[in-house]
Amino acid sequence: MDYFAKNIISILKEETHLKEDEIENLIEIPPDIKMGDYAFPCYSLSKALKKAPNVIATELAKKIQAINPISEIKAIGPYVNFFVDKAVYSEKVLKSISKESDAYGHAKIGNDKAVVIDYSSPNIAKHLAVHHLRSALIGSAIYHIYKTLGYKCVGINHLGDWGTQFGQLIVAYKKWGNENTHKSYTVTDLNNLYVKFHQEAEKNADLENESREWFKKLEAGDTEARELWQHFKDISLKEFQKIYDMLGIHFDAFIGESFYNTMVEDTVRRLKGKGLTRISEEALIVDLEPYNMPPCLLRKKDDTTLYATRDIAAAEYRKKTYNFDKTIYVVGSEQKLHFKQVFKVLELMGYDWANRCVHVDFGLMKFKDGKMSTRKGKVVLLEDLLIEAVERIRKIIEEKNPALENKESVANDVGIGAVIFADLCTKRNKDVVFDWDEALNFEGETGPYIQYTHARLCSILRKYSKPVTPDINYSLLKEDETIILIKNLCQFPTIILKAAEFYEPSLVCNYLIDVCGSLNRFYNTHRVLSEDDNLTKARILLVNSTRQVIKNGLNMLGIHAPEQM
RNA sequence: GCGCCAGUAGCUCAGCUGGAUAGAGCAUCGGAUUUCUAAUCCGGCGGUCGAGGGUUCAAGUCCUUCCUGGCGCGCCA
């Protein structure tokens with residue numbers, strides 16, 4: 001609750017006989033600045049007082065008095081509207097931004113508690129493609145957001161580096177892989193082998209048996225199998241890292257599924273010990289019928305384990321290793337049921353932290369004509385998208401600002417930023433249809449728009465080239481465009497909290513669009529640098545504050561804020 | 001068949017846990033620059049909020065039925 005709301009509550013408390021938190025919940029922000037800064041709706045009083053809401057509003061407005069920092073109280077229809085003293089308001093907001101600067105929007109609510117976040121988690125031996133983008137970016141943004149709220153974040157890349165497909169890959173490699181080019185193998189080669197295996201396997205059923213044999217060898221720790229598997233993994237990781245570097249995505253640990261291979265037996269033993277398992281159709285399951293869910297499969301009839309088993313083992317490991325307060329899985333919504341089952345099993349195992357496991361799901365990315373598929377080669381590689389984005393930005397720079405220094409690095413920041421922003425901008429749970437022109441649109445509500453706004457502000461500050469001070473005459477900040485902007489800036493900390501609560505980075509994106517819209521409207525109607533020293537000083541402070549908020553917001557999304565573009 | 005998610009302007013999306021006349025961007029049409037970056041801003045056009053019923057002083061928002069699309073539902077992850 002902010003300073004002004006507090007004052008309004010104390011004014012309203014006596015006359016309405018409502019409790020403080022009741023009033024707080026009722027108070028809202030009018031849709032138009034001309035109506036006031038805060039509003040108290042009188043509908044809910046109408047029953048008790050047996051009067052029409054607008055009558056109540058009128059009477060109430062007459063009875064109560066505006067005291068500093070509230071400058072005016074006025075009934076409009078069924079609302080009592082409050083106007084705050086603009087100078088006091090501006091001073092509060094802008095001084096706190098100046099003081100906190102890079103830390104504006106941060107909080108300490110996390111108390112250094114650990115949050116484990118599982119994101120990206122691609123499969124080995126396949127390229128990172130555009131449909132891998134969402135998990136990586138949403139996870140990374142949540143990482144940043146929680147970090148700014150004082151949590152200790154642990155980013156984990158839960159690589160898909162285990163399973164029968166590695167048996168297939170070994171067979172394919174031994175049959176068609178060229179030993180001599182061994183050292184220069186790329187993910188493309190691995191992917192080709194994978195595709196070739198499936199083509200050949202249709203004609204020759206023996207291949208599947210061979211691959212099962214090899215996977216068994218791998219599980220048993222056979223040296224040759226192990227070495228090949230490690231080799232495939234090294235090739236993949238090297239290429240993944242290149243993309244993560246381009247995107248600026250960081251992980252604290254790369255711990256793949258294979259890592260839990262040795263722990264799975266223990267986990268199964270614990271589950272059995274607690275009497276949670278039974279055999280059904282030759283498989284080992286946890287019956288979830290009482291919870292209206294299909295059973296959770298722990299072990300196949302051939303005795304090998306499944307991903308649910310490994311996820312349970314992984315959760316136990318993460319709790320033991322990081323003692324997390326919360327663990328977040330940023331995984332597509334097609335796995336909703338899977339995580340519901342896993343979390344339920346953890347709960348049945350008696351872990352009180354089971355309800356602090358969160359599946360942050362998101363909608364699918366697909367093409368207009370259907371799903372993306374690595375097998376059919378129907379994908380857009382992430383690297384291609386990023387390179388194309390940077391390339392297009394480079395052309396725009398040549399056209400609009402050829403004298404720019406550091407063109408390369410700016411093109412990178414803006415191109416990559418555009419891709420990140422476009423992906424994070426829509427709410428998580430919506431499906432996304434991939435479209436080159438949409439992903440690479442740079443006008444309107446886009447990353448470059450935010451960055452451009454930021455660069456313009458930096459430009460003004462460069463031209464001003466004097467220190468910015470919060471000791472200004474705040475009553476000079478009085479026009480509507482100015483006040484609306486300051487109100488926007490004031491919301492930032494609340495937005496961050498909300499984004500964290502709902503695991504929703506899109507809230508930050510939409511907020512930044514609002515701020516930039518307000519800023520640009522201000523920019524187009526008022527001059528910052530002028531002959532009037534005091535006014536210049538005041539507006540410079542506003543410019544610097546806005547620059548700061550945009551920068552902080554972009555950083556939370558993992559986007560750079562270049563000072564020129 | 002059952003479950004989960006979505007359906008808001010021609011297109012892409014917002015809509016603050018039920019509140020004041022449903023908002024942006026793109027597209028389209030028309031305007032703004034001798035002044036801090038026009039990757040900007042202003043205006044016009046454009047809506048039975050998928051459909052019906054219900055709860056409420058008040059519903060895009062809550063309940064219910066139906067329609068359409070996506071995803072999931074035992075040995076892949």
Side-chain angles (χ1 to χ4, degrees), chain A residues 25-26 28-32 35 39 41 43-44 46-47 52-53 76-79 81 121 123 160 162-165 257 280-285 292-302 304-308 310-311 331-338 340 361 363-364 366 371 393 396-397 399-401 404 414 418 422 425-427 429-433 435 437-438 441-446 448-449 451-453 455-464 491 494-495 498 502 506-507 509-510 513-514 516-517 519-530 536 539-540 543 564-565:
Chain A
N25 285 332
L26 285 170
E28 47 189 274
I29 313 278
D32 188 330
M35 295 174 169
Y43 304 104
S44 57
S46 147
K47 233 176 211 164
I76 304 178
Y79 291 87
N81 290 11
S121 309
N123 287 328
W162 208 245
T164 38
Q165 72 266 33
E257 285 183 74
S280 162
E281 297 170 34
E282 295 177 72
L284 186 71
I285 65 156
N292 274 324
M293 275 185 260
C296 179
L297 267 86
L298 298 174
R299 193 139 53 190
K300 300 189 262 187
K301 59 183 164 196
D302 69 357
T304 54
T305 55
L306 287 120
Y307 73 128
R310 291 192 282 270
D311 270 355
V331 181
S333 56
E334 70 275 12
Q335 295 198 35
K336 245 180 153 164
L337 179 59
H338 163 71
K340 235 176 118 184
D361 64 321
L364 246 70
K366 51 192 177 165
K371 224 173 152 172
I393 293 292
I396 296 176
I397 291 174
E399 182 190 312
K400 309 209 181 212
N401 196 356
L404 180 69
V414 179
C425 207
T426 55
K427 275 210 306 224
N429 70 18
K430 293 225 180 195
D431 287 345
V432 175
V433 174
D435 182 272
D437 290 330
E438 225 168 275
N441 175 31
F442 306 133
E443 274 170 17
E445 299 173 337
T446 64
Y449 171 67
Q451 289 168 316
Y452 175 67
T453 306
R456 283 171 123 186
L457 296 178
C458 290
S459 176
I460 296 174
L461 291 164
R462 256 196 316 277
K463 191 160 179 190
Y464 180 66
Q491 283 179 294
T494 314
I495 296 289
K498 225 170 115 189
F502 296 104
S506 69
L507 291 172
C509 294
N510 287 313
I513 286 171
D514 272 356
C516 291
L519 182 279
N520 283 312
R521 242 158 275 141
F522 163 80
Y523 182 98
N524 272 282
T525 33
H526 305 289
R527 237 198 112 65
V528 177
L529 304 174
S530 69
T536 300
R539 287 183 175 162
I540 276 290
V543 162
Q564 294 184 55
M565 64 186 267

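It should be emphasised that the depicted structure is a prediction, and the values quoted were computed from it without experimental measurement. Every heavy atom of this structure was used, including side-chain atoms; hydrogens, water molecules and symmetry mates were not. Below, chains carry the letters A, B, ... as their sequence lines are ordered, and counting in each starts from 1.
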Polar atom pairs between nucleotides 75-77 of chain B and protein, under 3.5 Å, N or O only, would you list them?
| from | atom 1 | to | atom 2 | distance (Å) |
| --- | --- | --- | --- | --- |
| B:C75 | O2 | A:Lys301 | N | 2.9 |
| B:C75 | N4 | A:Glu281 | O | 2.2 |
| B:C76 | OP2 | A:Lys300 | NZ | 2.6 |
| B:A77 | OP1 | A:Arg310 | NH2 | 2.7 |
| B:A77 | OP2 | A:Tyr307 | N | 3.3 |
| B:A77 | O3' | A:Glu257 | OE1 | 3.0 |
| B:A77 | O3' | A:Glu257 | OE2 | 2.5 |
| B:A77 | N7 | A:Tyr307 | OH | 3.2 |
| B:A77 | N6 | A:Tyr307 | OH | 2.2 |
| B:A77 | N1 | A:Tyr307 | OH | 3.4 |

- prompt: Whole Å only: how far is the CD atom of A:Glu443 from the P atom of B:U28?
  reply: 11 Å

query: Reading RNA chain B 5' to 3', what string of ( ), [ ], | and . shows its pairs, if Watson-Crick and G-U wobble pairs count only when both distances fall under 3.5 Å?
result: (((((((..((((.....[...)))).(((((.......))))).....(((((..]....))))))))))))....

- prompt: When the P atoms of B:G70 and B:C13 are considered, how many whole Å apart are they?
  reply: 16 Å

message: Please give the distance between the P atoms of B:U33 and B:G15 as a whole number of Å.
response: 36 Å

field: Sugar-phosphate, base or nothing in reach of A:Ile513, heavy atoms under 4.0 Å
entry: nothing

message: Rounding to an integer number of angstrom, what distance separates B:A14 and B:A58 when you compare their P atoms?
response: 29 Å

field: Presence of A:Asn441 side-chain N/O under 4.0 Å of B:C26 phosphate oxygens OP1/OP2
entry: no

- request: Kindly say if A:Lys430 contacts the phosphate of B:G70, meaning a side-chain N or O under 4.0 Å from OP1 or OP2.
  value: no

- prompt: If the P atom of B:G23 is compared with that of B:A9, how far apart are they to the nearest Å?
  reply: 14 Å

query: Under 4.0 angstrom, heavy atoms only, what part of the nucleic acid is A:Met293 near: base, sugar-phosphate, or nothing?
result: nothing

field: Whole-Å distance separating the CG atom of A:Asp514 from the P atom of B:C16
entry: 13 Å

message: What's the gap between B:A6 and B:C49 when it is taken at their C1' atoms, as a whole Å value?
response: 14 Å

- request: Name the nucleic acid region contacted by A:Pro294, choosing base, sugar-phosphate or nothing; use a 4.0 angstrom heavy-atom cut-off, strictly under.
  value: sugar-phosphate

query: For the residue pair A:Pro30 and A:Met35, what are the closest heavy atoms and their distance?
result: CB-CB, 3.8 Å

task: Describe the nucleic acid contact of A:Asp311 in one word from base, sugar-phosphate, nothing, applying a heavy-atom distance below 4.0 Å.
output: nothing

task: Rounded to the nearest angstrom, tell me the gap between atom CD in A:Glu445 and atom C1' in B:U40.
output: 14 Å

- request: Quick one: label A:Lys427 by what it contacts on the DNA or RNA (base, sugar-phosphate, nothing), any heavy atom closer than 4.0 Å.
  value: sugar-phosphate

Between N or O atoms, less than 3.5 Å apart, protein on one side and nucleotides 33-38 of chain B on the other: list the pairs.
| from | atom 1 | to | atom 2 | distance (Å) |
| --- | --- | --- | --- | --- |
| B:U35 | O2' | A:Arg527 | NH1 | 2.7 |
| B:U35 | O2' | A:Arg527 | NH2 | 3.0 |
| B:C36 | O4' | A:Arg527 | NH2 | 3.3 |
| B:C36 | O2 | A:Leu529 | N | 3.2 |
| B:C36 | N3 | A:Val528 | N | 3.0 |
| B:C36 | N4 | A:Tyr523 | O | 2.9 |
| B:C36 | N4 | A:His526 | O | 2.6 |
| B:U37 | OP1 | A:Ser459 | OG | 2.2 |
| B:U37 | OP2 | A:Ser459 | OG | 3.1 |
| B:U37 | O2' | A:Tyr452 | OH | 2.1 |
| B:U37 | O2' | A:Arg456 | NE | 3.1 |
| B:U37 | N3 | A:Met565 | O | 2.8 |
| B:U37 | O4 | A:Met565 | N | 2.8 |
| B:U37 | O4 | A:Met565 | O | 3.2 |
| B:A38 | OP2 | A:Arg456 | NE | 3.3 |
| B:A38 | OP2 | A:Arg456 | NH2 | 2.1 |

For atom CG of A:Asp437 and atom P of B:A27, their distance in whole Å: 11 Å

message: Please report the distance, rounded to the nearest Å, between CG in A:Leu337 and C1' in B:C4.
response: 9 Å

- prompt: What does A:Tyr43 touch in the nucleic acid at a heavy-atom separation under 4.0 angstrom: a base, only the sugar-phosphate, or nothing?
  reply: base

Protein-nucleotide distance (A:Tyr449, atom OH; B:A24, atom C1'), rounded to Å: 10 Å

message: Heavy atoms only, 4.0 Å cut-off, all strands: where does A:Pro53 land among base, sugar-phosphate and nothing?
response: nothing

